[in-house]
Amino acid sequence: MDNLNLTTLQRGQTMVNDVAIDAFAAGFRGSLLTSKDMDYNEARTIWNAMIDRRPGLIARCAGAADVVRAVRFARDNNLLLSVRGGGHGIAGNAVCEGGIVIDLSAMKSVRVDPQTKRARIEPGATLADVDKETLAFGLVLPTGINSTTGIAGLTLGGGFGWLTRKFGLTLDNLLSVDVVTADGELVKASEKEMPDLFWALRGGGGNFGVVTSFEFQLNPLNTEVLAGLVVHPFADAEKVLKEYRQALEAAPDELTCWVVMRQAPPLPFLPAEWHGKEIVVLAMCYCGDIAAGEKATARLRAIGNPIADVVGPVPFTGWQQAFDPLLTPGARNYWKSQDFASLSDAAIDVLLNAVRKLPGPECEIFIGHVGGAAGRVPTEATAFPQRSSHFVMNVHARWREAGMDGSCIGWARELFEATKPHSVGTAYINFMPEDEVDRVESAYGANYGRLAEIKRRYDPNNLFRMNQNVKPMAAVRAA
C-alpha cells in the first residue's frame with residue numbers, strides 16, 4: 001500500500017510518522033481506511049447514532065495476523081486503540097477519536113462440528129450468523145435477543161437471552177479463545193491454558209485483549225419453540241407485574257419471560273386504537289416440548305385481560321429476530337441499568353411512575369429475569385458478577401432528534417437514581433453507557449479486585465481502555 005500520509009493519526013499531540021505507517025501498511029492483509037477513503041464514514045458509523053467519532057485509521061483485519069500487527073502498531077506508537085466487533089455496544093467504545101480502530105467485522109466465520117457439538121466463531125460474526133450455522137445442525141448457542149448484535153462484545157460482557165435459564169450465559173458455554181494480548185502476542189486461553197486470563201475474559205469485557213476466535217460448546221434445540229407476546233393495557237400494570245413476579249417462582253429452566261413497558265408500536269396484531277398508548281408486554285419463550293410449554297406458560301397467559309396473546313410455536317431463528325425492527329441502527333440511544341434481587345412492590349411503583357412520564361414513543365423499560373442454569377454457577381467461577389436469580393432492569397431511552405437529548409437522557413438518569421435503593425449494586429456491563437466509568441468497580445462487586453490484578457499482569461499500561469475499564473492494580477493502589 002502506498003504512503004497513507006496520516007497527519008490525523010495521533011494521541012494527544014503525538015504524531016505518527018509516515019515511515020512507521022507505511023511499514024505497518026506493507027504487511028497488512030486487510031484494508032486500511034482514512035478520512036480520505038469513500039468507505040470511511042460508513043466504517044466509523046456504529047449502531048448508536050449518538051456516537052460520532054473520527055479515528056485516524058480504521059484497520060479492517062482479515063485475520064489474526066492483522067490483529068497482531070495492529071495491536072503492536074498501536075502499542076509501539078502510543079495510540080489510542082478501540083476494537084470493533086459488531087459495533088452494537090451502547091457505550092460506543094468500538095470507535096475512538098484520532099487513534100486506531102481494530103475493525104473485526106470482516107472476520108465472520110462460523111464453523112460447526114456436529115460430532116463434538118462445538119463451534120469455532122470469529123469475532124465479527126453477529127448472532128444471526130451464529131444461529132444460521134448452528135441451528136442447521138439442530139444445535140444452539142445461548143446468546144442475546146437482537147440478531148444484529150456482535151458475538152464478541154456479547155460474550156466478553158456476559159450474554160443473556162431467551163435460552164440463558166436453560167443453557168447458561170453465552171460465556172458459560174465458552175471453551176477457549178485465541179486472543180492477542182497487549183504485548184502483541186497471540187495466545188490460547190482456556191480452563192487449562194492461561195486459566196487466569198480465561199477467567200477474566202468471561203465477563204471482563206474488552207479489557208484483556210482482542211479475541212480473534214471463540215470456541216463454544218453447543219446445545220441441542222428443537223427447530224421450534226413456544227414463544228410470543230402477551231400485551232396488556234398499562235392501566236393493569238401493577239396487577240400484571242405482581243402476578244408475573246409470582247408466576248416466575250415456579251418457572252422451569254426452559255421458560256423465560258421478560259417485561260417491556262412502552263408506548264405500543266403499530267404491530268399488526270394490535271387494534272389500531274392501542275397504537276401509541278402505554279402498554280405492558282410479557283415476552284416469553286419456552287425452549288422445550290411444545291405441549292409442556294403450553295402448560296408452563298399457562299399461568300403467565302392467564303394474568304389479567306390482555307389486549308392480545310400471540311404466543312405459539314415459532315422457529316427459534318424467527319423469534320431471535322422478532323425485536324430487530326425496534327432496534328435498528330440510526331437512532332440515538334442511552335441506557336441505564338440495575339440488578340434487582342427481587343421485583344419488590346416499591347420497585348414496581350417507581351417503574352410505573354416512570355412509564356407515565358415516557359419522553360418519546362421509542363423509549364421503554366425492560367425487565368429481564370435471569371436465573372436457572374446461569375444462577376447455579378458460583379460467583380467466583382467467572383468474572384461475571386451476578387449469579388443469583390435476579391431481575392435486570394434496562395432503561396432504554398431511544399429517540400431520533402438531537403433536540404430530545406436532554407429530556408430522554410434526563411428521564412433515564414432520573415429513573416436510575418430512583419431505583420438505586422432497590423438494587424443490589426452490580427450491573428451488566430453491556431448495558432452501561434460511556435458516562436458510567438465511576439461505576440465499573442461496583443458493577444463487578446467482589447470480582448473487581450481479581451480483575452484489576454489480572455489487568456496489571458496482562459495490560460499494565462492499559463492499552464485496552466476503550467471499554468468499561470478495569471484499571472491495572474498498580475493504578476488502583478496509586479489512586
Side-chain angles (χ1 to χ4, degrees), residues 127 131 142-149 159-166 224-234 236-237 239-248 251-270 274 277-288 290 293-294 296-304 306-328 335 337 340 343 348 351-352 355 358 362-372 374 390-396 398 428 431:
L127 306 193
D131 288 338
T143 57
I145 65 169
N146 182 203
S147 74
T148 62
T149 302
F160 75 91
W162 302 116
L163 304 179
T164 298
R165 289 176 48 79
K166 179 62 176 176
E224 284 191 329
V225 295
L226 184 71
L229 309 178
V230 181
V231 183
H232 292 267
F234 182 70
D236 297 341
K239 172 184 171 63
V240 170
L241 290 181
K242 289 181 178 180
E243 293 192 22
Y244 159 80
R245 177 183 64 193
Q246 294 172 356
L248 293 185
D253 288 356
E254 290 82 2
L255 176 60
T256 294
C257 185
W258 297 342
V259 173
V260 179
M261 293 182 285
R262 57 169 293 154
Q263 294 177 10
L267 299 172
F269 56 82
L270 287 179
W274 282 100
K277 293 184 178 179
E278 287 76 14
I279 54 172
V280 179
V281 181
L282 301 183
M284 60 191 74
C285 177
Y286 186 90
C287 62
I290 299 296
E294 294 283 2
T297 58
R299 185 174 178 185
L300 286 164
R301 296 170 72 182
I303 295 173
I307 305 164
D309 180 334
V310 289
V311 176
V314 294
F316 182 68
T317 50
W319 180 239
Q320 275 286 78
Q321 298 176 30
F323 291 89
D324 287 3
L326 300 178
L327 295 167
T328 55
W335 295 359
S337 181
F340 300 142
L343 198 57
I348 288 174
L351 296 173
L352 298 185
V355 177
L358 288 169
E362 295 185 80
C363 296
E364 65 184 23
I365 299 172
F366 156 85
I367 304 291
H369 181 227
V370 184
H390 66 290
F391 294 89
V392 180
M393 176 196 73
N394 187 28
V395 185
H396 183 183
R398 180 178 168 90
Y428 183 47
F431 285 174

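This structure is a prediction, so every number in the text was calculated from the model and none was measured.
- Contact between Cys287 and Leu163 at its shortest, heavy atoms only, is CB-CD2, 3.5 Å.
- The heavy-atom pair separating Ala308 from Leu270 by the smallest distance is CB-CD2, 4.0 Å.
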May I have the list of side-chain donor-acceptor pairs in residues 255-265 shorter than 3.5 Å, sequence neighbours left out?
| from | atom 1 | to | atom 2 | distance (Å) |
| --- | --- | --- | --- | --- |
| Thr256 | OG1 | Trp162 | O | 3.2 |
| Trp258 | NE1 | His369 | O | 3.3 |
| Arg262 | NH1 | Glu364 | OE1 | 3.2 |
| Arg262 | NH2 | Pro361 | O | 2.9 |

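- Residues Tyr428 and Val370 form no side-chain contact, since every pair of their non-hydrogen atoms from C-beta on lies 4.5 Å or further apart.
- Nearest heavy-atom pair across Ala296 and Tyr286 is CB-CE1, 3.6 Å.
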Under 3.5 Å, which donor-acceptor pairs do the side chains of residues 314-324 form with other protein atoms, sequence neighbours left out?
| from | atom 1 | to | atom 2 | distance (Å) |
| --- | --- | --- | --- | --- |
| Gln320 | NE2 | Asp131 | OD2 | 3.4 |
| Gln320 | NE2 | Thr143 | OG1 | 3.2 |
| Gln320 | NE2 | Gly144 | O | 3.3 |
| Asp324 | OD1 | Asn146 | ND2 | 2.5 |
| Asp324 | OD1 | Ser147 | N | 3.0 |
| Asp324 | OD2 | Ser147 | OG | 2.4 |

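- One finds the CG atom of Leu343 at 9.0 Å from the CG atom of Leu248 (value rounded to the nearest 0.5 Å).
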side-chain contact (heavy atoms from CB on, under 4.5 Å) between Val231 and Trp274, worked out: CA-CA 10 Å; Val231 183; Trp274 282 100; over 6 Å; no
Can you check side-chain contact (heavy atoms from CB on, under 4.5 Å) on Tyr244 and Ile348, steps first, answer last? CA-CA 12 Å; Tyr244 159 80; Ile348 288 174; over 6 Å; no
Is there a side-chain contact (heavy atoms from CB on, under 4.5 Å) between Val311 and Val230? Walk through the geometry before answering. CA-CA 7 Å; Val311 176; Val230 181; 3.8 Å; yes
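- Note that CD of Glu224 is 6.0 Å distant from CD1 of Ile290, once rounded to the nearest 0.5 Å.
- Proximity of Ile279 to Phe234: side-chain heavy atoms (C-beta onward) are nowhere separated by under 4.5 Å.
- Atoms CZ and CE, from Phe366 and Met393 in turn, are 11.0 Å apart once rounded to the nearest 0.5 Å.
- Annotation: side chain of Val310 is not in contact with side chain of Leu267 (no heavy-atom distance under 4.5 Å).
- The line from NZ of Lys277 to CD1 of Ile307 is 9.0 Å long, rounded to the nearest 0.5 Å.
- Between Leu226 and Glu294, the shortest heavy-atom distance links the atoms CD2-N, 3.5 Å.
- The number of heavy atoms from other shown groups lying within 6.0 Å of NZ (Lys239) does not exceed 12.
- Atom CG of Leu327 is separated from atom OG1 of Thr149 by 8.0 Å, given to the nearest 0.5 angstrom.
- For the residue pair Cys363 and Leu358, the shortest heavy atom distance occurs at O-CD2, 3.6 Å.
- Here NE2 of His396 is found 8.0 Å from CD of Glu362. Values are rounded to the nearest 0.5 Å.
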